[in-house]
Amino acid sequence: MSIKYLAVLLLSVCSLTVSAQKKKKAAAPKPTKKTLATAASSTAEWFPTKTGTRFYVLSGPTKDTLSLGQFEPKAPEPTEITLTEFTAKGVKLIAVSWKENTLTKADKRTEKAVKAQTRIFDPVSKTAVLENTQSTTNISEIVSLGGTDATKTVEKIRSEGSECKLLPDGDVTLTNKGRSDRLSYDPKQGKYVVAKKK
């Protein structure tokens with residue numbers, strides 16, 4: 001046996017040993033959907049992926065998808081989710097409500113916003129018959145006092161939109177700054193309209 005042959009044999013054994021000791025890369029965990037709320041025949045689900053997070057309702061025995069929105073890949077989950085199946089004017093509907101919390105910080109300003117979202121769907125036509133957003137933003141800002149080094153913190157609250165409440169008879173009230181409007185479902189138009197005064 002020549003020395004060259006022995007050196008090649010030794011080198012190949014060493015390379016096999018090194019390659020056998022390399023660890024395999026761990027596979028990236030597969031995204032998993034999470035059920036956030038349930039009703040008799042519906043579920044609200046949160047499904048994060050690399051490209052974005054889907055928020056939707058699966059409805060009925062065939063699990064039809066009713067989209068609630070597309071969010072950033074690592075967006076925080078919505079909170080206070082409620083899922084209600086009800087009947088309005090003889091039509092079965094599904095109401096979903098949730099809150100989205102955001103925090104925005106700048107050098108001297110902080111905004112904490114809460115968006116209360118409500119969607120009411122007709123699961124047969126898979127369409128939204130009512131959509132409502134109400135937002136409340138608490139703003140904290142440090143302001144200078146007249147050319148001096150002195151500062152003070154100013155607190156403000158900004159509100160937009162109307163508060164939405166589902167009533168036992170399937171009607172909805174939208175309330176904003178003391179004004180309240182009652183809406184009723186109109187099966188012919190397939191949407192909520194201002195209720196006729198009784």
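Residue pairs satisfying the salt bridge (Lys or Arg N to Asp or Glu O under 4.0 Å) criterion with at least one member in residues 116-130, sequence neighbours excluded, are listed as follows: Asp64-Lys126, Arg119-Glu131. The ring-ring contact (aromatic ring centres under 6.0 Å, His included) contacts involving residues 116-154 comprise nothing, where partners must be two or more places apart or lie in separate chains. Within the structure, ring-ring contact (aromatic ring centres under 6.0 Å, His included) contacts touching residues 147-167 (residues at least two apart or in different chains) do not occur. Residue pairs meeting the ring-ring contact (aromatic ring centres under 6.0 Å, His included) criterion with at least one member in residues 57-99, sequence neighbours excluded: Trp46-Phe71, Phe55-Trp98. Under the ring-ring contact (aromatic ring centres under 6.0 Å, His included) criterion, the residue pairs touching residues 134-191 are Tyr185-Tyr192, with sequence neighbours excluded. Each salt bridge (Lys or Arg N to Asp or Glu O under 4.0 Å) pair with one or both residues in residues 34-43, not counting sequence neighbours, appears once here: Lys34-Glu77.
One finds the OG1 atom of Thr79 at 7.0 Å from the NZ atom of Lys99 (value rounded to the nearest 0.5 Å). Summarising the geometry, atom CD1 belonging to Ile120 is positioned 5.5 Å from atom SG belonging to Cys164; distances are rounded to the nearest 0.5 Å. The CD atom of Gln117 sits 10.0 Å away from atom OG of Ser97, with the distance rounded to the nearest 0.5 Å. Annotation: the span from Leu166 atom CG to Thr84 atom OG1 amounts to 6.5 Å, rounded to 0.5 Å.
Taking every heavy atom of both residues into account, Asn101 and Val114 meet most closely at OD1-CG2, 3.3 Å. Closest non-hydrogen pair, Ser135 versus Lys115, comes out as CB-CG, 3.8 Å. Of all heavy-atom pairs between Lys92 and Pro123, the closest is O-CD, 3.3 Å. Across every non-hydrogen atom of Leu58 and Lys63, the tightest pair is CD2-O, 3.6 Å. Across all their heavy atoms, Ile81 and Ala44 have their closest contact at CG2-CB, 4.3 Å. Here the closest heavy-atom approach between residue Pro48 and residue Pro73 is recorded as CB-O, 4.3 Å.
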**Request:** Please test Val57 against Leu83 for side chain to side chain contact (heavy atoms under 4.5 Å, CB included), starting from the C-alpha separation and ending with a verdict.
**Result:** CA-CA 9 Å; Val57 170; Leu83 186 58; 4.2 Å; yes

**Request:** Show the numbers, then the answer: is there a side chain to side chain contact (heavy atoms under 4.5 Å, CB included) between Ile142 and Lys152?
**Result:** CA-CA 6 Å; Ile142 300 171; Lys152 72 174 182 176; over 6 Å; no

**Message:** If you apply the rule side chain to side chain contact (heavy atoms under 4.5 Å, CB included), what do you find for Leu103 with Thr110, and how did you get there?
**Reply:** CA-CA 7 Å; Leu103 177 64; Thr110 302; 3.7 Å; yes

**Item:** Test side-chain hydrogen bond (donor to acceptor under 3.5 Å, both in side chains) applied to Ser140 and Glu155, step by step
**Value:** CA-CA 5 Å; Ser140 177; Glu155 304 278 338; 3.2 Å; yes

**Request:** Output, in order, the C-alpha distance, side-chain angles, deciding distance and verdict of side-chain hydrogen bond (donor to acceptor under 3.5 Å, both in side chains) for Thr43 and Thr35.
**Result:** CA-CA 7 Å; Thr43 59; Thr35 300; 5.2 Å; no

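At least one donor-acceptor pair closer than 3.5 Å links the side chain of Thr49 to the backbone N or O of Gly52.
By the side chain to side chain donor-acceptor pair (under 3.5 Å) test, Thr104 pairs with no residue at all, sequence neighbours left out. Under the salt bridge (charged side-chain N to carboxylate O under 4.0 Å, His left out) criterion, Asp186 pairs with no residue, sequence neighbours left out. Every residue two or more places apart in sequence or in another chain was checked for a salt bridge (charged side-chain N to carboxylate O under 4.0 Å, His left out) with Glu100, and none qualifies. Not counting sequence neighbours, Lys112 has no partner by the salt bridge (charged side-chain N to carboxylate O under 4.0 Å, His left out) test. Every residue meeting the side chain to side chain donor-acceptor pair (under 3.5 Å) condition with Arg109, not counting sequence neighbours, appears here in chain and number order: Glu111, Glu141. For Asn176, there are no side chain to side chain donor-acceptor pair (under 3.5 Å) partners, not counting sequence neighbours.
No continuous path of ILVMFWY side-chain contacts below 4.5 Å connects Ile94 to Tyr56, so the two sit in separate hydrophobic clusters.
Residues Glu72 and Thr53 form no side-chain contact, since every pair of their non-hydrogen atoms from C-beta on lies 4.5 Å or further apart. The closest side-chain heavy-atom distance from Arg54 to Thr65 is below 4.5 Å. Contact annotation: the side chain of Arg158 approaches that of Glu160 to within less than 4.5 Å [non-hydrogen atoms, C-beta and beyond]. Side chains of Pro76 and Thr102 form no contact here, defined as non-hydrogen atoms less than 4.5 Å apart. Side-chain contact between Val194 and Asp181 is absent, with no heavy-atom pair separated by less than 4.5 Å. At a threshold of 4.5 Å between non-hydrogen side-chain atoms, the residues Val172 and Leu130 count as touching. For the pair Ser184 and Lys89, the minimum side-chain heavy-atom distance is below 4.5 Å. Side-chain contact between Leu174 and Leu183: present, with at least one pair of heavy atoms (C-beta onward) separated by less than 4.5 Å.
Checking Thr118, Thr175, Thr173 one by one against Lys165, the side-chain contact (heavy atoms from CB on, under 4.5 Å) holds for a single residue, Thr173.
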